[in-house]
2 protein chains.
Amino acid sequence: MNFQQLRIVRETVRQNFNLTAVAQVLFTSASGVSKHIKDLENELGVELFIRKGKRLLALSEPGKELLGMVERVLLDTSNIKRLAEQYSQRDEGQLSIATTHTQARYALPPVISRFKQAFPKVQLVLHQASPQELVRLLLNGDADIGIATEAVAAVDELVSFPYYHWHHSVIAPVDHPLHQQTLSLQTLANYPLITYHQGFTGRSEIDQAFNAAGLNVDIVMSALDADVIKTYVALGMGVGIIAAMAMENHHDTQVQAIKAPPLFAQQTARIAIHRGHYLRGFAYHFIQLCAADLSEDIIRQQLHPTELI
Amino acid sequence: MNFQQLRIVRETVRQNFNLTAVAQVLFTSASGVSKHIKDLENELGVELFIRKGKRLLALSEPGKELLGMVERVLLDTSNIKRLAEQYSQRDEGQLSIATTHTQARYALPPVISRFKQAFPKVQLVLHQASPQELVRLLLNGDADIGIATEAVAAVDELVSFPYYHWHHSVIAPVDHPLHQQTLSLQTLANYPLITYHQGFTGRSEIDQAFNAAGLNVDIVMSALDADVIKTYVALGMGVGIIAAMAMENHHDTQVQAIKAPPLFAQQTARIAIHRGHYLRGFAYHFIQLCAADLSEDIIRQQLHPTELI
DNA sequence: GATGCTTACGATACCCGTAAAGATA
DNA sequence: TATCTTTACGGGTATCGTAAGCATC
């Protein structure tokens, strides 16, 4: 048994049992992949995969049980490597952050610029992704930190902490009649609406609020990010509902937020980490730049619950 | 990085940084051990050991942190192997039980004979050991199950379950005057005593009881097991204090237990397992033969707390 | 016929152990 | 001096990739 064999087993599942794809992802040959799987199965005396002829179809029962252990081993070895980097190059290395457009565009810029000042040698990788993709990146170990409002709190394998709270704002062209009216869900429902895609930036909360009020709304368009939404609102296609911070500190001349108390429930952007993932020292600093009360100790306690010190 | 390197790191600590000993234990050459350590340190870019000249003295800071991860990796790989055996040879294999003399001699025989009937092909290895040694065997992965009254409950890395409760008995030669007296700590303290070694079979409870009563006692001899104690009690060297089950079902003609309510607090023999250690199916059966209410589900829950099913 | 898996085989790198030299107590 | 660690070096093995053959869709 060796690490390459374990990597291959894990990647075979991730690549839907296509060994050619596995070989490409792991930068090796298909023949080697094939042989490694055979060798491991021989050594363990168990068939890890269900086959149909030569093709692999799925994990066998023992294969399923094994996969969990394999993933733990590989998680630990990646932790070992990061731990070593932490000591060999304390303030150098890579920090990989997976986040949504909203956070990357409106919440993170000040954090990131302060972080870069503190750790100029750390290479920042910003994966922009959907909340679902972001979860996958964290679970695969391809990202150290995930930041999003959606999805992350519901995944057991992730630890997450509140980052900040925010509300949705309603925006309309500067000359729109809504600016003169008292804003309510009812009045809003009279206009065609433009807002986020399903699963993005609190969209579910918006739907729920209208549903609860028994209102049918006409969402003429949905987009991934506030910039796109603002563009189409400016064109007069409808009234926009976007995250409030997407309007702050911006001098949009064509559209304007409607001044009114929030119509939709408070949202919480969260910072998420894969349970058991070893974080470099500067990663803890990054998190503390986001939320000053999240100290390294507090995070570690949640991340590595079995550590007893 | 490979498994052999990790094994060597772990074993180096266990062998007090004597690489020659490491090589012997791992059945390889000292030169290989030396090179593997160098290679790993090079790859990680960190010195894992503190050296004085050529000799290794201790773990460095990163080495200490690394060790925990290394041990998890090796624990998981041994779990992988056992899991594979579980499927490839369901009712064959090895079950390694570490236990004290008292349990091996008086409590386990019926359990073991029933187990052997149920799993004739399983090779039973009975490590007889002191409670401290028993803990080490469990933590090293050299034993699957530990059974003892002492020590195991105090170790965080072990999960333990109550097996059965027992009391100490006072024994004396058949013609001893104590048989006619009312038994109390005071009367007992008038005689020279023979009992277990420190750290064995509830000895600490005995000391504590006399201390609490403000009594000074003359322990003329201490031994590891009840058989030895009984022998010297029969010779008239003193009054014995042994585990009650060491007198049951035995036709000792020269010594006899004194009929009286128990003088010392109740003791609990416990079944202990290393947290995270994968147990074969028959190991769960063994435990259930000891204590019928300890089902596989209940034990698994404690052993692998992170599993979410 | 296109894609995917396996076998054969040669080149390379890796791992191990012996022997000898160098450090340390 | 005895014990321990490291370096040098040779033999063996494992791993990898190319190429070709074969199965599957």
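Chain A is the first sequence line, chain B the second, and so forth, proteins listed ahead of strands; every chain is numbered from 1.
Checking the phosphate oxygens (OP1, OP2) of dT5(D), a side-chain nitrogen or oxygen of Thr20(B) falls inside 4.0 Å. The shortest distance between the side-chain N/O atoms of Ser31(B) and the OP1/OP2 oxygens of dT7(D) is not below 4.0 Å.
When each of Ile50(B), Leu66(B), Leu67(B), Thr12(B) is paired with Leu59(B), the side chain to side chain contact (heavy atoms under 4.5 Å, CB included) condition holds for Leu67(B) and for no other. Exactly one of Glu92(B), Gln89(B), Gln86(B) qualifies for a side-chain hydrogen bond (donor to acceptor under 3.5 Å, both in side chains) with Arg280(B). That residue is Gln86(B).
Here dC15(C) presents its C1' atom at 17 Å from NZ of Lys38(B), a figure rounded to the nearest Å. One can place CG of Leu40(A) at 14 Å from P of dT6(C), the figure rounded to the nearest angstrom. Residue Leu56(A) contributes atom CG, which lies 12 Å from atom P of dG4(C) at whole-angstrom precision. When the P atom of dG17(C) is taken as reference, atom CG of Leu26(B) falls 11 Å away, rounded to whole Å. Regarding Phe17(A), its CZ atom lies at a distance of 19 Å from the C1' atom of dA23(D), rounded to whole Å. If you measure from atom CD1 of Ile37(B) to atom C1' of dC16(C), you get 15 Å, rounded to the nearest angstrom. Residue Leu57(A) contributes atom CG, which lies 12 Å from atom C1' of dC25(D) at whole-angstrom precision. dA2(C) atom C1' lies 13 Å from atom CG of Asn18(A), rounded to whole Å.
Rounded to 10 degrees, the angle separating the terminal helix axes of the helix from dG1(C)-dC25(D) to dA25(C)-dT1(D), each built from five base pairs, is 40°.
With sequence neighbours left out, Ser222(A) forms a side-chain contact (heavy atoms from CB on, under 4.5 Å) with His197(A), Arg203(A). Taking Ser29(B) as the reference, Ser31(B) meet the side-chain contact (heavy atoms from CB on, under 4.5 Å) condition, with sequence neighbours excluded. Remark: Asn16(B) engages no residue in a side-chain contact (heavy atoms from CB on, under 4.5 Å) (not counting sequence neighbours). Remark: Gln128(B) pairs with His101(B) by the side-chain contact (heavy atoms from CB on, under 4.5 Å) rule, at least two apart or across chains. By the ring pair (Phe, Tyr, Trp, His ring centres under 6.0 Å) test, His277(B) is found to be paired with no residue, residues two or more places apart in sequence or in another chain being considered. By the side-chain hydrogen bond (donor to acceptor under 3.5 Å, both in side chains) test, Thr102(B) is found to be paired with Thr201(B), residues two or more places apart in sequence or in another chain being considered. Partners of Asp227(B) by salt bridge (Lys or Arg N to Asp or Glu O under 4.0 Å), not counting sequence neighbours, listed by chain and number: Arg105(B).
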Short N/O separations, protein against nucleotides 10-13 of chain C, under 3.5 angstrom:
none

Might you list the N or O atoms of the protein lying below 3.5 Å from N or O atoms in nucleotides 21-24 of chain C, with each pair's distance?
from: dT24(C); atom 1: O2; to: Arg55(B); atom 2: NH2; distance (Å): 3.2

Protein-nucleic acid N or O pairs under 3.5 Å, nucleotides 9-15 of chain D:
from: dT15(D); atom 1: OP1; to: Asn2(A); atom 2: ND2; distance (Å): 2.9

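Residue Lys121(B) places its NZ atom among 12 or fewer non-hydrogen atoms of other residues, nucleotides or ligands, all under 6.0 Å distant. A 6.0 Å sphere centred on NE2 of His127(A) holds more than 12 heavy atoms belonging to other residues, nucleotides or ligands.
Near DNA chain C, defined here as any heavy-atom distance below 4.0 Å, there are no residues from residues 41-51 of chain A.
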